[in-house]
Amino acid sequence: MSNICEVCGLPKEICVCEDIAREQQKITIAVDKRRYGKMMTVVDGINPHDLDIDALVTKLKKKCASGGTIKDGKIELQGDHRAKVKETLEEMGFVVEVI
Ligand SMILES: [Zn+2]
């Protein structure tokens, strides 16, 4: 196996490509207050090439026992489910930031 990164050509011990990829893939969770005081949990930053967004929304709806949709590549869940969404995504190995 080569010790040279195929992406940047630097030795792997000083290459930061993987860190950058992980950083770029960072998923954010925010709570949005909608009309009539309704809360929505919005999950943004999902790369559809890395993750089946339909499967994820199904999983989150089940876990949060709540309704949810995909809108403009973001997942929207009814209610404030920040903790459960964070836990679920971290279990899947994603870097998650709660806003
Ligand atoms: Zn590299």
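A quick note: this is a predicted structure, and the numbers were derived from the prediction, not measured. Index from 1, following the sequence.
In this view, Asp32 and Arg34 satisfy the salt bridge (Lys or Arg N to Asp or Glu O under 4.0 Å) rule, not counting sequence neighbours. Partners of Lys86 by side chain to side chain donor-acceptor pair (under 3.5 Å), not counting sequence neighbours, listed by chain and number: Glu90. For Glu91, the side-chain contact (heavy atoms from CB on, under 4.5 Å) criterion is met by Lys63, Glu87, not counting sequence neighbours. Remark: Thr28 engages Asp44, Glu97, Ile99 in a side-chain contact (heavy atoms from CB on, under 4.5 Å) (not counting sequence neighbours). Qualifying salt bridge (Lys or Arg N to Asp or Glu O under 4.0 Å) partners for Asp80, counting only residues two or more places apart in sequence or in other chains: Arg82. Evaluation of the side-chain contact (heavy atoms from CB on, under 4.5 Å) rule for Lys62 yields no partner, not counting sequence neighbours.
The shortest side-chain heavy-atom distance between Gln78 and Met40 falls under the 4.5 Å cut-off. Residues Thr88 and Lys59 form a side-chain contact, since some pair of their non-hydrogen atoms from C-beta on lies under 4.5 Å apart. Taking 4.5 Å as the limit, some side-chain heavy atom of Cys64 sits within range of a side-chain heavy atom of Val85. Side-chain atoms of Leu56 and Met92, non-hydrogen and from C-beta on, do get closer than 4.5 Å to each other. Using a 4.5 Å cut-off on side-chain heavy atoms (C-beta onward), Val96 and Val43 make no contact.
Ile70 and Ile29 fall within a single hydrophobic cluster, where Ile, Leu, Val, Met, Phe, Trp and Tyr are joined by side-chain heavy atoms under 4.5 Å apart, directly or via other members. With hydrophobic clusters built from ILVMFWY side chains whose heavy atoms lie under 4.5 angstrom apart, Leu60 does not share a cluster with Val31. Under a hydrophobic clustering in which Ile, Leu, Val, Met, Phe, Trp and Tyr are joined whenever their side-chain heavy atoms come within less than 4.5 Å, directly or via other members, Ile46 and Val57 fall into the same cluster. There is a path of hydrophobic side-chain contacts, each under 4.5 Å, that joins Leu89 to Val98.
Pairing each heavy atom of Asp54 with each of Thr58, the nearest pair is O-OG1, 2.9 Å.
The backbone N or O of Leu77 sits nowhere less than 3.5 Å from a side-chain atom of Ser66 that would complete a donor-acceptor pair.
Between the CE atom of Met39 and the NE2 atom of His81 there is a distance of 10.5 Å, given to the nearest 0.5 Å.
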